[in-house]
Structure formats: structure tokens, C-alpha cells
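The block underneath contains the structure these notes are about, expressed in C-alpha cells.
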Amino acid sequence: MGNAPPLCPPICDPAADSGDRESSSSSEYANDVAQRQKIAVYREPDQVQCRCNSNSFKMIVPTKMLHGRQGLRVLGFEYRLVADTSTNFGKTRLYHIATDTLVTPSNVRMYIPDCLFDEVARCCQDIAQDILIKEGNLERLMVRDGTGTRVAALVDRNFCHANRVSEYEESKSVGTSIEGTVRPTLLVINGRGRSSAGVFSRKQLMTSGIEAATALSTVHECRKRGMKVILLDHYSNEPQEEMARFESSLEAVFGDNDEDSWHATSRTAFDRRGPLYVIAHSASGGKLVRSLLDGNARRYLLPRIRGVVFTDSTHNIQWARGVKRVWDLLESSACIYVRSNNVRSAEIWDDRRRQAGDVAENDEYWHHRFGDTKTVWAGTPEHSLMNWVARDVIWNHFDHLLEVGVLPGK
């Protein structure tokens with residue numbers, strides 16, 4: 001194993017038969033060519049064969065067993081704490097064990113070839129979600145839909161606390177309000193892709209660290225402020241089902257009671273009436289606005305929203321023409337748009353001129369698409385790192401809203 005070439009981690013051993021490629025069928029070989037040098041071909045339910053640089057390798061361990069820290073070590077990697085030397089990196093970084101090498105953007109393809117990317121990514125996401133659940137006191141909220149039982153979100157374990165339910169029912173009976181005791185909730189929605197709830201980028205989990213690639217810092221900030229946190233899971237491998245999956249996950253967390261749903265989807269009205277703040281990243285911003293316009297979220301989510309941070313969102317304010325309530329929300333002081341530094345820019349990236357939080361100069365196109373929404377720079381050209389680099393900007397916005405109690409449209 002120690003003699004394996006640098007491009008392949010210890011999990012792979014050179015195939016003894018040098019004629020393995022010739023013995024492959026023509027369709028398999030065509031698939032190899034189509035995938036350009038590095039592919040993963042599943043021939044058996046529990047094995048993966050990978051080919052890197054024209055050499056043939058077979059995975060020793062059944063892929064279905066590769067999960068979490070143990071699976072990651074089998075693949076030849078582990079997470080370690082390192083000194084935080086840059087605003088673009090977290091402290092929990094991925095290392096290649098055999099060579100004691102930190103995985104970085106410049107060497108990731110050498111240590112994690114394409115054929116093993118999904119395996120490593122799955123283990124990294126398992127570890128990241130375990131940390132998010134532990135640090136945020138979260139639990140997996142399951143829902144049954146057309147695709148079976150799946151995770152709809154990671155939610156605060158106290159999102160439907162029994163004492164709160166009884167307290168709410170008591171307050172209703174005597175005609176009083178306990179709105180002041182309701183903890184605000186932050187909803188974090190990652191973008192399109194194969195990332196799980198709370199993860200903004202699988203690749204950044206490998207190259208930039210858990211803190212930089214996930215909502216972990218957001219979870220910590222919520223706990224400091226006594227806020228509940230919900231990390232939505234809406235990934236679908238079928239593009240035509242993306243919007244339906246998104247709304248299904250929202251419905252599971254915030255929607256009305258449904259006797260046919262799993263019990264955790266029946267969250268009390270008490271939890272649903274509290275103030276809601278939202279971070280919508282990338283494609284999820286477009287999905288959120290669509291839901292507020294056309295979906296059930298317009299009924300059960302829109303009245304709760306007190307603030308939104310769009311990070312490189314794909315929405316268009318023109319969609320909201322004729323729906324004044326949504327239009328007013330998008331242009332109100334309750335919303336800001338955080339824009340990565342290379343979006344619609346022909347200028348060379350210069351971090352001395354575009355610091356996180358600096359007001360962005362918007363052209364006519366931008367104004368037509370996003371209206372008068374306040375737009376600021378993220379402080380990085382990296383789309384998948386902007387929620388980490390601009391975290392202070394995001395929380396300055398929410399802290400202001402929490403302090404002054406700004407309502408949408410004001």
C-alpha cells in the first residue's frame with residue numbers, strides 16, 4: 001500500500017492483471033473515455049473499481065461501509081485541528097494520513113481523484129453533520145414523501161418542547177400573549193448540489209475545513225443569541241423534482257398539521273408563530289422566493305419572516321410583480337443581498353477594494369433583477385465560501401433586526 005502512486009490513496013492497490021482494461025467491454029471503455037481519465041464504475045453492489053492515469057485499481061473495502069470517521073480513515077484521511085491562518089479556512093482540516101499532508105485546493109486532485117470524490121465527500125459530510133448536531137443540539141427531522149422516508153432538515157431539539165406546548169395552550173385559554181418568550185428561529189438553506197443540510201460545499205469540506213464549508217459558525221452564533229436553528233435538506237438528484245423536494249422539506253418543518261405525516265412534521269402553532277430569519281444561498285434563494293409567491297410557504301412562512309440574507313441568490317424581483325407583500329419584503333431593510341466579488345465583474349479581484357460588507361455598485365441589469373435590495377460584497381470571489389467569509393456581515397444585519405424589531409416593508 002505504501003507503494004501506491006501519489007494519485008491514489010492507500011485504499012487502492014494496483015490490479016495485478018495489466019490487461020484489465022483490454023478485457024473490459026467496449027461500452028465500459030467508451031465510458032472511461034467519456035469520463036476523461038478518472039471514473040468510478042460499479043460492477044458489484046459492494047465494490048468500486050477505479051482507474052487513474054491508465055492504471056487499474058480495485059477498492060478493497062465495500063463502499064456501503066464507508067461512513068463517518070471510520071470510513072474516512074479507511075479511505076486514508078482524517079480531520080485534525082490546525083491553527084487558523086486565514087479567513088478563508090477553518091480550523092478543522094482534512095489530512096492525508098499516509099503522507100501527513102494537509103489537503104488544499106492545489107493538491108486535492110492528487111490525493112482525492114475523481115473516482116473517489118463521492119466516497120470521501122460522503123464520509124466528510126457524515127462527520128460535519130454529526131458536529132452540527134452535537135454543537136447545535138439538533139436532531140434529524142424525517143418526512144415521508146414520494147421518494148420514501150428522508151431527512152427534511154436538522155432542527156433544534158427544543159423546536160417542539162412539551163413545556164412550550166402546554167404554556168402556549170394555557171396562554172390561549174386565558175386570552176394572553178407570550179410572544180415575548182418565543183425564541184426567534186434562523187432557517188439556513190444551502191444551494192443546489194449534492195450537499196446535505198448545513199453543508200455549503202462538499203469540495204470545501206476537503207480543502208478549506210468544516211467551519212468554512214458548513215453552517216457551523218452560524219449554529220454557534222444562534223446559540224449565543226438563544227435562537228433556534230433549522231438547517232433545511234432539499235437535495236434531489238432529479239432536477240425536475242428539486243422544487244417539489246424544497247417545498248416538501250419546508251412543509252415538514254413549518255407547514256400545517258397532517259395526520260398522515262410523520263409525527264415530527266406536526267410542529268405546534270407556537271413554534272410556527274415565532275419570528276423567522278433566513279439565510280438563502282445560491283439557488284435556494286430563487287426557490288424560496290418562488291415558494292413565497294406560488295407555494296404554501298406564502299401562507300405559513302411569509303407572515304413570520306423578519307429578515308433575509310440572500311447570498312448569491314438566483315431569484316428575480318420581477319417574479320413578484322403583482323404580489324406587493326413579497327415585493328415589499330425583498331426591497332425592505334429586512335433583506336440584504338451578499339454578492340461574491342467576481343459576480344458580474346470584469347475587474348481583477350482586489351481584496352483591498354472589496355472588503356466584506358462594502359456596498360456594491362450595481363448596474364442597470366442588477367437593479368432590474370434585484371430592485372432596491374441593499375447589496376454588499378462578500379469579501380471573496382469564492383461562491384462556496386462566501387457564507388463563511390461574510391459571516392460578520394450576515395450577523396451584523398440580523399443583530400440590527402433583532403435589536404430594533406424591524407418588520408418587512410419598513
Side-chain angles (χ1 to χ4, degrees), residues 1-13 50 52 57 59-61 63 65-138 154 188 190 193-221 223-224 231 380 382 384-392:
M1 294 172 70
N3 295 325
L7 278 171
C8 292
I11 188 65
C12 296
D13 280 337
C50 79
C52 304
F57 298 87
M59 182 165 285
I60 301 169
V61 178
T63 58
M65 294 175 58
L66 300 181
H67 289 278
R69 294 184 187 276
Q70 182 179 3
L72 192 62
R73 286 190 64 85
V74 169
L75 288 165
F77 300 90
E78 67 180 6
Y79 277 107
R80 302 176 189 172
L81 290 176
V82 300
D84 190 9
T85 58
S86 169
T87 56
N88 286 342
F89 297 99
K91 294 182 178 180
T92 311
R93 302 290 301 279
L94 189 66
Y95 272 78
H96 183 246
I97 299 173
T99 60
D100 195 31
T101 303
L102 176 67
V103 178
T104 66
S106 61
N107 67 18
V108 62
R109 290 181 66 86
M110 181 172 69
Y111 291 105
I112 307 176
D114 292 353
C115 55
L116 291 183
F117 183 90
D118 287 342
E119 301 294 331
V120 176
R122 181 175 65 247
C123 295
C124 289
Q125 288 200 105
D126 288 345
I127 294 169
Q129 285 206 320
D130 286 345
I131 293 174
L132 287 167
I133 289 171
K134 180 180 178 181
E135 296 291 316
N137 192 30
L138 308 177
L154 303 183
V188 182
N190 57 6
R194 301 183 66 178
S195 298
S196 302
V199 177
F200 294 112
S201 168
R202 299 191 301 160
K203 184 175 180 180
Q204 297 296 348
L205 275 176
M206 305 174 195
T207 61
S208 300
I210 289 178
E211 295 84 356
T214 71
L216 183 58
S217 66
T218 301
V219 167
H220 289 158
E221 295 299 328
R223 298 208 67 180
K224 289 179 185 177
L231 309 177
T380 177
E382 291 288 341
S384 55
L385 287 177
M386 63 186 307
N387 293 279
W388 166 251
V389 177
R391 59 192 181 280
D392 290 340

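What you see below is based on every heavy atom in this structure, not just the backbone, and it leaves out hydrogens, waters and symmetry mates.
- Taking both residues in full, the closest heavy atoms of H220 and E135 are given as NE2-OE1, 3.1 Å, listed atom of the first, atom of the second, then distance.
- Here the CD-CD1 distance, from E78 to I127, works out to 9.5 Å after rounding to the nearest 0.5 Å.
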Inset, instruction - Just do the side chain to side chain contact (heavy atoms under 4.5 Å, CB included) check on L94 and I112 with the steps written out, would you? - result: CA-CA 11 Å; L94 189 66; I112 307 176; 4.0 Å; yes
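- Rounding to the nearest 0.5 Å gives a distance of 9.5 Å between CD1 of I97 and CG of L75.
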Legend entry - salt bridge (Lys or Arg N to Asp or Glu O under 4.0 Å) assessment of D126 paired with R69: CA-CA 8 Å; D126 288 345; R69 294 184 187 276; over 6 Å; no
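- Nearest approach of A212 to G90, heavy atoms of both residues: CB-N, 3.9 Å.
- Contact of the L72 side chain with the Y79 side chain is registered, since non-hydrogen atoms from C-beta on lie closer than 4.5 Å.
- Across every non-hydrogen atom of N190 and S195, the tightest pair is ND2-O, 3.6 Å.
- For the atom pair E119 CD and H67 NE2, the distance stands at 8.5 Å (nearest 0.5 Å).
- Legend: residues meeting side chain to side chain contact (heavy atoms under 4.5 Å, CB included) with S196, ordered by chain and number and at least two apart, are Q125, Q129, D233.
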Compile the donor-acceptor pairs under 3.5 Å between side chains in residues 199-206 and protein atoms, sequence neighbours left out, one pair per line.
from : atom 1 : to   : atom 2 : distance (Å)
S201 : OG     : K203 : N      : 3.4
S201 : OG     : Q204 : N      : 3.0
R202 : NH1    : D118 : OD1    : 3.2
R202 : NH2    : D118 : OD1    : 3.4
Q204 : OE1    : T207 : OG1    : 3.3
Q204 : OE1    : S208 : OG     : 2.4
Q204 : NE2    : S384 : OG     : 3.0

Side chains of residues 99-106: which donor-acceptor pairs under 3.5 Å do they make with residues two or more places apart or in other chains?
from : atom 1 : to   : atom 2 : distance (Å)
T99  : OG1    : H96  : ND1    : 2.7
T99  : OG1    : T101 : OG1    : 2.8
D100 : OD1    : R80  : NH1    : 2.5
D100 : OD1    : R80  : NH2    : 3.4
T101 : OG1    : T99  : O      : 3.1
T104 : OG1    : S106 : N      : 3.4
T104 : OG1    : S106 : OG     : 3.0
T104 : OG1    : N107 : N      : 3.4
T104 : OG1    : N107 : OD1    : 3.4

Inset, instruction - In sequence, state the C-alpha distance, the side-chain angles, and the governing distance for Y95 and V82, and then conclude on side chain to side chain contact (heavy atoms under 4.5 Å, CB included). - result: CA-CA 10 Å; Y95 272 78; V82 300; 3.4 Å; yes
Inset, instruction - Test side chain to side chain contact (heavy atoms under 4.5 Å, CB included) on R391 and T218 and set out the steps. - result: CA-CA 8 Å; R391 59 192 181 280; T218 301; over 6 Å; no
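- Note that OG1 of T214 is 5.0 Å distant from CG of L132, once rounded to the nearest 0.5 Å.
- Here the side chain of E211 pairs no donor or acceptor atom with the backbone of L216 at under 3.5 angstrom.
- Contact detail for Y111 and F77: the closest heavy-atom pair is O-CZ, 3.3 Å.
- Of all non-hydrogen atoms in W388 and F89, the two that sit nearest each other are CZ2-O, 3.6 Å.
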